[in-house]
Amino acid sequence: MSSQTTPARKIVVGVAGGIAAYKACQIIRAFKEVGDDVRVVPTAAALNFVGKATFEALSGNPVSTTVFDQVDRVQHVKIGQEADLIVIAPATADLMARLAAGRADDLLAATILVATCPVVIAPAMHTEMWFNPATVANVNTLRERGITVIEPAHGRLTGKDTGPGRLPDPEQIVDIANAIASGVTLPRDLEGKQVLITAGGTQEHIDPVRFIGNSSSGKQGFALAEIAAQRGAKVTIVAGNTVELSTPAGAEVIKVTSTRDMFEAVQARATDADFIVMAAAVADFRPDTQASSKLKKGSDEDALSVIHLLENPDILATTVQRRTAGELSKTPVIVGFAAETGDEKTSALEYAQAKLHKKGCDLLMCNEVGVCKVFGHDDNQGWILDAHGGVEEVKQGSKLEVAAAIWDRATAFQQ
Ligand code: CTP
């Protein structure tokens, strides 16, 4: 989550009456922790799930649901007028219907009707309600008016049923809301598109406990998946080793270990993809043998002191070659990543330009890496290079902001 600037942002957290209302508490805390001034505006129904006292204690501000409390302070317009960002989580089908109709029949609806700041809505409901044509129309109406309606997550709902309709993780909602507040938009330009993303680091085992690997966290790949799914794509992530990351709403994760596993998983899915983004930090070499039991100091000295390496296949270059050979059913836009350090003679950017031409991809995101740069961090920066010679600087921002910049370029790219 991005750090706080002064003066404190005024954040309104709207809460509607759904079982996921308790997760709003984590959202309120996340904003409070970075110093935001949080005002909670629940619907009357939300208070059936979480008490007013909880919202007041967490936010440090009074809580009311109706336009008739503190009338002298003209709350029904003041809260919306002063807000820098409004996040409604969870939003029910009923609340979205009221907002789409332009109602102002409680404090939350009146606040939205007044607001000119970014509004982010995270719906949560049963799958049938989410797919009901009335809800679909209401969501479209809200999106057309510039409100960001986040895709719900798939998974277990309140009863025994599963499907799309779960509230995404509070941390994901806060990250998306912060990105929206920083100017990121989520156009639905990837609707109906298949997106394939690699993320994390691959590992090459020496024995069952030792491996050759790298410190990639997978965060940038998952951020790319998050933004693509929120722009309407069907997303598959082929993930090597990553830190603990929630699956983005609307994405599927295939776990792999070695580079050859990743190679096979990508090649099997590349045929249907419209966009392929290779954000993984791939182990280029593997030991020529892998011991089936743990090597021991003393008895396995030879195997431990000298490890013979074999080169791994290049997943990105092979995918480009298959596209050129007409082996993929679509002509995907292919995006590579380059983690470069630069040296006395050659800059990181120059290395990246050479890499783009060598691999033959359409776009290449270049990050300058070092011991404390990029890997595992929540912020990223660099340049997006394209096959026609274009270079765009991507300013320091959260990995979601960088992901949005990459998608803006990838969707606009003409082969
Ligand atoms: N990549 C890949 N398969 C490999 C190695 C890299 O698909 N065997 C992809 C990465 O996912 C990334 C891009 O190629 O999108 C560049 O990765 P990088 O590690 O920077 O390049 P290398 O080809 O490994 O070159 P070097 O490490 O020598 O700079």
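Start at 1 and go down the list; that is how both ligands and their atoms are numbered. Throughout, residue positions are numbered sequentially from 1 according to the sequence presented.
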Quick one, D207 with K296, criterion salt bridge (Lys or Arg N to Asp or Glu O under 4.0 Å). Give me CA distance, side-chain angles, the key distance, then yes/no. CA-CA 10 Å; D207 68 14; K296 296 279 182 205; over 6 Å; no

For ligand 1, the residues whose heavy atoms come within less than 4.0 Å (ordered by chain, then number):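 Around ligand 1, where the cutoff is 4.0 Å for heavy atoms, the contacting residues are M278, A280, V282, D284, P313, D314, I315, L316, G336, F337, A338, A339, K355, K359.
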
Salt-bridged, E340 to K355, with N to O below 4.0 Å?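 The answer is yes: the pair qualifies as a salt bridge.
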
Answer yes or no: is there an ion pair linking D379 with K219, defined by an N-O contact shorter than 4.0 Å?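 No, no charged N to carboxylate O under 4.0 Å.
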
Side chains of residues 22-32: which donor-acceptor partners sit under 3.5 Å, not counting sequence neighbours?
from : atom 1 : to  : atom 2 : distance (Å)
K32  : NZ     : S59 : O      : 3.1

Classify the ring geometry between W407 and F275 as parallel (under 30°), tilted (30 to 60°) or perpendicular (over 60°).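 Rings of W407 and F275: perpendicular, over 60°.
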
Hey, are S246 and Q172 close enough side-chain-wise for a donor-acceptor pair under 3.5 Å?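 Result is no, nothing qualifies.
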
